[in-house]
Amino acid sequence: AAWAAIAAAASAQAQDVAPMPTRQVAPTPPQEVVNPAPSAAALASRIAVDAYYSAHANPLIWLRDTGTRAAAAKLPAILRRSTLDGFADGPVLAASVEAALAGGQPADDKAISAAWLRYVQALNRPVPGMSYGDPALVPKVPHAPAILGEAAAAPSLSDHVDRVASVNPLYSALREQAQSQGGDDPRIGSTLERLRLLPAKGRAILVDAASARMWMLEDGRAVDSMKVIVGKRNAQTPLLAGTIHFVTFNPYWHIPQDVARRKVAPIVLKRGVSYLKAARYETVAAFNYERQDPIDPTTIDWKAVAAGDVEVHIRQLTGPNNMMGKMKFGFVNDQGIFLHDTPHKELFAKAKRTLSLGCIRLEHPERLAQWLLGRDPAPPADGPEQLVQVDKGVPIYVTYLTASVEDGKLTFAEDVYGLDPAPVAPVPVATASAAASR
């Protein structure tokens, strides 16, 4: 009734009021489609590709024949999944490659090369948080001449695309499972980011602080593994890349400064310097090989050491109780980290092995030494610090992998160090419904 009364009043009012003149509205002109401006990376890749093609008399790389076209046809799928590689522009570039394949003109060959160039450079970008003790292991983002030159010279462009896109066997296995199982856990992306560094060829050592395990790799595949002990949460084993050139038999333990200050100095102050001899500790001038001459411990101001005002260099002599055990494996790094044996083998039975001050204790150091040296590991003499050179230095990657593939399924390790983004919690159904009603 209320709606009827309002309608009747409106009708009566309309009969007493002259109609308003109709306003002529000009037709809306068609909107011009404006493509977004290309990014700086896209512009740089176009310029680099143009320069390469000009320098090589505009050769065809991708549209040269049936075989190269088949290689180019693989790129859209590779680029669409490249968000897993941390390359956000991949899906857009996939569409550009599809358009270029449909066009089939010489200019389209350049478009395909530009997409491939950007993808390969993305796979070689620096890994955040990694410290490199060996400059040869620092990732170098390749330039267009190298990337396109390798593609153009490849005996099989299709095989070349597969090899480059796979990165390495561990990387491709995790990415494949993440793609097939729809894994969106942020630990997958973080782990893939750190796995990119591993070489696909040759020998390498992989230490994973997240799972407290070590692998010996040949051509990217594990040939042996063992448990390790890594740093505590407040003394984390850092992300490192270096090269092992020596095995050290009968090593000294060079006691870190904070351990000397917190542990050793207070006992010396309480029990006297005789404690040092009982513990097989020896004070030396320095830890480098040129200045390890012993010095009289009574000449040291132990109160100042305990207060942190004076540094002291203490080493533990070789023997069954030496914290380094029978051998260690050093490599250049700015954190003073190395791999070593330990007299406390019982600790490897623990499920959580974040127990060290940062260095990496090995469950079976003799197996690593045999693999590195290619023969039974034995010291050349009985003295301390017996160095045996590895025929060819082996790269070591100390990293943090919270996602992995086990028995064909994605599995996740605890983010003990808190280095990964937190998984996004699903929104409860009730909360989502309430939000939608507001």
Query raised in the report: Would Ser82 and Tyr119 satisfy side-chain contact (heavy atoms from CB on, under 4.5 Å), going step by step from the backbone distance to the final call?
Result: CA-CA 8 Å; Ser82 67; Tyr119 176 65; 3.6 Å; yes

Query raised in the report: Short question: side chain of Gln121, backbone of Pro142 - any donor-acceptor pair under 3.5 Å?
Result: yes

Requested in this report: Report yes or no: does Thr191 contribute a side-chain atom to a donor-acceptor pair with the main-chain N or O of Thr402 at less than 3.5 Å?
Outcome: yes

Query raised in the report: Donor-acceptor pair, Arg221 side chain versus Glu218 backbone, under 3.5 Å?
Result: no

Query raised in the report: Roughly how far apart are Leu372 CG and Ile396 CD1, rounded to 0.5 Å?
Result: 9.0 Å

Query raised in the report: How many angstroms lie between CH2 in Trp253 and SG in Cys359, if you round to the nearest 0.5 Å?
Result: 10.0 Å

Query - Of all pairs that satisfy ring pair (Phe, Tyr, Trp, His ring centres under 6.0 Å), the ones with a partner from residues 186-239, not counting sequence neighbours - result: none

Query raised in the report: For Asp224, which residues count as a side-chain contact (heavy atoms from CB on, under 4.5 Å) partner, sequence neighbours excluded?
Result: Met216, Arg367

Requested in this report: Rounded to the nearest 0.5 Å, what's the gap from CZ on Arg81 to OG1 on Thr83? Could you check?
Outcome: 10.5 Å

Query - Side-chain donor/acceptor of Asn168 to backbone N/O of Leu198, under 3.5 Å - result: yes

Query raised in the report: Given side chains that start at C-beta, do those of Phe249 and Pro377 come closer than 4.5 Å, heavy atoms only?
Result: yes

Query raised in the report: Given the rule in the side-chain hydrogen bond (donor to acceptor under 3.5 Å, both in side chains) test, do Asn333 and Ser131 qualify, once you have shown the distances and angles that lead to the verdict?
Result: CA-CA 8 Å; Asn333 64 86; Ser131 175; over 6 Å; no

Query - Pairwise side-chain contact, Asp376 with Gln370, heavy-atom cut-off 4.5 Å (strictly under) - result: yes

Report task. Determine yes or no for a side-chain-to-main-chain donor-acceptor pair under 3.5 angstrom, with Thr283 supplying the side chain and Ile295 the backbone. Result -> yes

Report task. Could you walk me through whether Asn250 and Glu385 pass the side-chain hydrogen bond (donor to acceptor under 3.5 Å, both in side chains) test, one step at a time? Result -> CA-CA 5 Å; Asn250 305 330; Glu385 297 284 314; over 6 Å; no

Query raised in the report: Pick from Arg196, Arg175, Arg118: which one makes a salt bridge (charged side-chain N to carboxylate O under 4.0 Å, His left out) with Asp85?
Result: Arg175

Query raised in the report: Would Tyr397 and Ile205 satisfy side-chain contact (heavy atoms from CB on, under 4.5 Å), going step by step from the backbone distance to the final call?
Result: CA-CA 6 Å; Tyr397 298 88; Ile205 298 168; over 6 Å; no

Report task. Would you name the heavy atoms of Gly231 and Thr237 that are closest together and state the gap between them? Result -> N-OG1, 2.8 Å

**Report entry** Ion pair Asp420/Arg194, N-O distance below 4.0 Å
**Finding:** yes

**Report entry** Full working for side-chain contact (heavy atoms from CB on, under 4.5 Å) between Leu357 and Val259
**Finding:** CA-CA 9 Å; Leu357 296 174; Val259 176; 3.2 Å; yes

Query raised in the report: Any idea which heavy atoms bring Val388 and Pro380 closest together, and the distance?
Result: CG2-CD, 3.7 Å

Query raised in the report: Can you find a pair of side-chain heavy atoms, one from Thr248 and one from His340, that are under 4.5 Å apart?
Result: no

Query raised in the report: Are the side chain of Arg64 and the backbone of Leu60 linked by a donor-acceptor contact shorter than 3.5 Å?
Result: yes

Query raised in the report: Hey, does Thr243 have a side-chain heavy atom less than 4.5 Å from the side chain of Val332?
Result: no

Query raised in the report: Which heavy-atom pair separates Pro91 from Arg80 by the least distance, and what is that distance?
Result: CG-O, 4.2 Å

Query raised in the report: So, the side chain of Asp219 versus the backbone of Lys201: is there a donor-acceptor pair under 3.5 Å, distance only?
Result: no

Query raised in the report: Quick one: salt bridge (Lys or Arg N to Asp or Glu O under 4.0 Å) pairs with a partner in residues 272-284, sequence neighbours left out?
Result: Glu282-Arg315

Report task. Please examine the side chains of Leu197 and Pro139, heavy atoms only from C-beta on, and report whether any two atoms are closer than 4.5 Å. Result -> yes

Report summary line: Looking only at heavy atoms, the pair that brings Leu410 and Ala178 closest together is CD1-CA, 4.0 Å

Report task. Kindly compute the distance separating CH2 (Trp62) from CG (Leu101), expressed to the nearest 0.5 Å. Result -> 10.0 Å

Query raised in the report: Can you tell me how far CG of Leu148 sits from CG of Asp109, rounded to the nearest 0.5 angstrom?
Result: 9.5 Å

**Report entry** Side chain Ser113, main chain Lys110, donor-acceptor under 3.5 Å
**Finding:** no

Report task. State whether Asp341 and Lys328 are salt-bridged, where the test is any N-O pair (Lys NZ or Arg NE/NH1/NH2 against Asp/Glu carboxylate O) under 4.0 Å. Result -> no

Report task. Could you tell me whether Lys326 and Glu366 have a side-chain N and a carboxylate O separated by less than 4.0 Å? Result -> no

Report summary line: In short, side chain to side chain donor-acceptor pair (under 3.5 Å) pairs touching residues 146-156 with sequence neighbours left out are Ser156-Asp159

Query raised in the report: Where do Pro199 and Ala204 come nearest, in terms of heavy atoms and distance?
Result: CG-CB, 3.9 Å

Query raised in the report: Would you call the rings of Tyr252 and His254 parallel, tilted or perpendicular if under 30° counts as parallel and over 60° as perpendicular?
Result: perpendicular

Query raised in the report: Any donor and acceptor pair, going by atom type alone, linking the side chain of Tyr275 with main-chain N or O of Tyr281 inside 3.5 Å?
Result: no

Report task. Answer yes or no: does atom CG of Asp382 have more than 12 heavy-atom neighbours from other residues, nucleotides or ligands under 6.0 Å? Result -> no

Report summary line: Rounded to the nearest 0.5 angstrom, the CG-OG distance for Leu368 and Ser225 is 12.0 Å

Query raised in the report: Hey, are the side chains of Trp116 and Ile112 touching, using non-hydrogen atoms and a 4.5 Å cut-off?
Result: no

Query raised in the report: Below 4.5 Å, heavy atoms only, C-beta onward: do Asp134 and Phe331 meet side chain to side chain?
Result: no

Query - Steps toward side-chain contact (heavy atoms from CB on, under 4.5 Å) verdict (Val247, Leu373) - result: CA-CA 8 Å; Val247 178; Leu373 298 172; 4.1 Å; yes

Query raised in the report: Which residue pairs pass the ring pair (Phe, Tyr, Trp, His ring centres under 6.0 Å) test with at least one member in residues 133-169, sequence neighbours excluded?
Result: none

**Report entry** Closest approach of Phe348 to Arg361 (non-hydrogen atoms, all atoms of both residues)
**Finding:** CE2-O, 3.7 Å

**Report entry** side-chain hydrogen bond (donor to acceptor under 3.5 Å, both in side chains) between Asp208 and Ser211, worked out
**Finding:** CA-CA 6 Å; Asp208 173 27; Ser211 63; 2.5 Å; yes

Query raised in the report: Considering only heavy atoms from C-beta outward, does the side chain of Leu206 approach that of Leu401 to under 4.5 Å?
Result: yes

Query raised in the report: Ignoring hydrogens and geometry, is there a side-chain-to-backbone donor-acceptor pair from Ser356 to Val230 under 3.5 Å?
Result: yes

Query raised in the report: Is a salt bridge present between Arg187 and Glu193, judged by a nitrogen-to-oxygen distance below 4.0 Å?
Result: no

Requested in this report: Name all pairs fulfilling the ring pair (Phe, Tyr, Trp, His ring centres under 6.0 Å) condition that reach into residues 398-419, sequence neighbours left out, sorted by first residue then second.
Outcome: Tyr400-Tyr417

Report task. Please name the residue in the list Leu347, Val228, Ile229 that meets the side-chain contact (heavy atoms from CB on, under 4.5 Å) test with Arg353. Result -> Ile229

